[in-house]
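The block underneath contains the structure these notes are about, expressed in structure tokens.
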Amino acid sequence: MSMTFIEGGVCAPAGFTANGICCGIKKGRTKNDIAVIDSEVPASAAAVFTRNLVKAEPVKLSQKHIAKGYAQAVIANSGNANACTGEQGYKNALKTAELAAKELGLASEDVLVCSTGVIGQQINIGAIEAGMARLCEGISKDGNVSAREAIMTTDTKYKEVAVETMIGGKKVTVGTMAKGSGMIHINMGTMLGFITTDCAISPAMLQAALSESVERTYNCVSVDGDTSTNDTLIALANGLAGNKMISSKNADWKAFVEALDAVNTEMAKKIAGDGEGATHLIECNVCGAKNDEVARNLAKSVISSSLVKAAFFGKDANWGRILCAMGYSGELFTQSGTSVFFDSGAGEIEVFHKGVPLDFDEPKAKEILGETEVRIRVELEDGKGKGTAWGCDLTYDYVKINGDYRT
């Protein structure tokens, strides 16, 4: 299927506008800290939320609001997670939805709320209340630019992408933006992510597509082993593309999933590459596994290993740590049929061949691992399963960033 990557992020699909402003949620912050995404018509809604048992108050509220399968707007703030804040925190999340609904002419149940930032502090609801009118009045078709900044915390760069494709003879657009740099690990929805599309698709099929795509994209990312209290990935589909409503897992649904996979994969890579303090994006590709699930689990175990991550920071081709991580993954594989390669823009080198270590060129390996994007390729002989996961190296700066994050 032909797909074209385009500009515009969450505003690229028909009928979606956005905005972001600084309303002063966190003392001293001068960048935008609250964003809105709005659909001009009600949209099918789906989401994946954190699997952490300690859930932030906005997560609880959004889970409740999205249960009906439809929504029309999202409010997302940075600077305060509104997590572990009790009854008052929930009231503040609800108040945020009510304030936005009033300005946008919606019911509060049509507004989803997301927060990110410091855990355990009551959010500055006064600042949100004071800024809501300005936020909502400023929504526009190019508002993705201000919105994508407003959700950033320790991110060093914004993360957005959009694609165009043909579904049912109609041009369909899928746009997205996300934030994520630390407190990122497998079994999440994502950090904070928002997907907009003008595709006509039922809530049930949108949820099925999102859940399936997440398993091979966002749930294959790890930066530091911590799953946040606030992880949320929301998808809104307003149907303005005019394609025939997708209400079953037919060919059009598969085409939509392909487009969803394209934007989610790009976001997964951007998040992994922007891990707190990171200097390398690490991609692990496993092929020849018993099945795709086994391959993904092996790849995820490799990129989640602190020792593997530290080795990449030091540009050390320590393949033994990769085998070790595969060995405790819980998945079975044949060690005697396992080969390991490293590759990057500087070339490729095999370091382990069918269960036997190779006498490889260490300086060449160091050169390969010195590139910003580095790939691990693991070839097995157990089947046809394939899987990919993304991570980053573990650096001194990660500790510096997180040592005084709250204070």
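Only a predicted model underlies this, so the values are computations on that prediction, with no experimental measurement involved.
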Between S211 and Q207: side-chain donor-acceptor atoms closer than 3.5 Å: yes

Take E266 and V263 through the test side-chain contact (heavy atoms from CB on, under 4.5 Å) and record every step on the way to the result. CA-CA 5 Å; E266 286 300 306; V263 297; 5.7 Å; no

With a 4.5 Å heavy-atom cut-off, do E164 and M3 have their side chains touching? no

Non-hydrogen side-chain atoms of Y70 and D110 separated by less than 4.5 Å: no

Apply the side-chain contact (heavy atoms from CB on, under 4.5 Å) test between Y218 and each candidate in T265, L210, L233; give the one that qualifies. L233

Considering all heavy atoms of both residues, which atom of C114 and which atom of P58 are nearest to each other, and what is their separation? CA-CB, 4.1 Å

Report the C-alpha separation of T338 and E379 in whole Å, then their side-chain angles, then the decisive distance to 0.1 Å, and conclude whether the side-chain contact (heavy atoms from CB on, under 4.5 Å) test is met. CA-CA 6 Å; T338 301; E379 296 183 355; over 6 Å; no

Salt bridge R216-D261, side-chain N to carboxylate O under 4.0 Å: yes

We want to know whether S78 and R29 form a side-chain donor-acceptor pair, criterion being a heavy-atom distance below 3.5 angstrom. yes

Side chains of K249 and K254, heavy atoms from C-beta outward: is any pair under 4.5 Å? no

Just verifying a value: how many Å separate M177 CE and K159 NZ, rounded to the nearest 0.5 Å? 12.0 Å

Whether the K179 and T153 side chains hold a donor-acceptor pair (N or O, under 3.5 Å, no angle test) is what I'd like checked. yes

Regarding E160 and N144, do their side chains bring together a donor and an acceptor under 3.5 Å, going by distance alone? yes

Would you say that more than 12 heavy atoms from the other residues, nucleotides or ligands in this model lie under 6.0 Å from the NZ of K31, or not? no

Taking atom types as modelled, find out whether N32 and S146 have a side-chain donor-acceptor pair closer than 3.5 angstrom. no

Determine the minimum heavy-atom distance between F194 and V74, stating which atoms define it. CE2-CG1, 3.6 Å

So does V294 get a backbone contact from the side chain of N291, meaning a donor-acceptor N/O pair under 3.5 Å? yes

NZ (K102) with more than 12 external heavy atoms under 6.0 Å: no

Atom CD of Q335 with >12 non-hydrogen neighbours under 6.0 angstrom: no

Is F342 close to E348 at the side-chain level, that is, under 4.5 Å between some pair of heavy atoms? no

Once rounded to the nearest 0.5 Å, what's the spacing between atom OG of S305 and atom CD1 of I322? 9.0 Å

Given side chains that start at C-beta, do those of M326 and L380 come closer than 4.5 Å, heavy atoms only? yes

So, E283 versus N285: side-chain donor-acceptor pair below 3.5 Å or not? yes

Are K386 and D292 close enough for a salt bridge, meaning some N to O gap below 4.0 Å? no

Donor + acceptor pair across side chains of N297, E331 (<3.5 Å): yes

Return yes if some donor-acceptor pair links the side-chain N/O of S62 with the main-chain N/O of V113 below 3.5 Å, else return no. yes

Can you tell me if N77 and S115 form a side-chain donor-acceptor pair at under 3.5 Å? yes

Run the salt-bridge test on K60 and E57 with the 4.0 Å N-O cut-off and return the result as yes or no. yes

Would you say the side-chain atoms of N19 pair up with the backbone N or O of L135, donor to acceptor, closer than 3.5 Å? yes

Do T173 and I6 have side-chain heavy atoms sitting under 4.5 Å apart? yes

State whether the number of non-hydrogen atoms from other residues, nucleotides or ligands found under 6.0 Å of E293 atom CD is greater than 12. no

Which atom names give the shortest non-hydrogen contact between I303 and A389, and what distance separates them? CG1-CB, 3.6 Å

Stepwise side-chain contact (heavy atoms from CB on, under 4.5 Å) test for S339 and V378: CA-CA 6 Å; S339 300; V378 179; over 6 Å; no

Assess whether atom CD of E362 is packed by more than 12 heavy atoms of other residues, nucleotides or ligands within 6.0 Å. yes

Is the closest side-chain heavy-atom distance between M245 and M205 below 4.5 Å? no

Measure the shortest side-chain to side-chain distance between L369 and F312 over non-hydrogen atoms and say whether it is less than 4.5 angstrom. yes

Are a donor atom and an acceptor atom from the side chains of S140 and D142 found within less than 3.5 Å of each other? yes

Quick one: closest heavy-atom pair of V374 and I368, and the distance? CG2-O, 3.9 Å

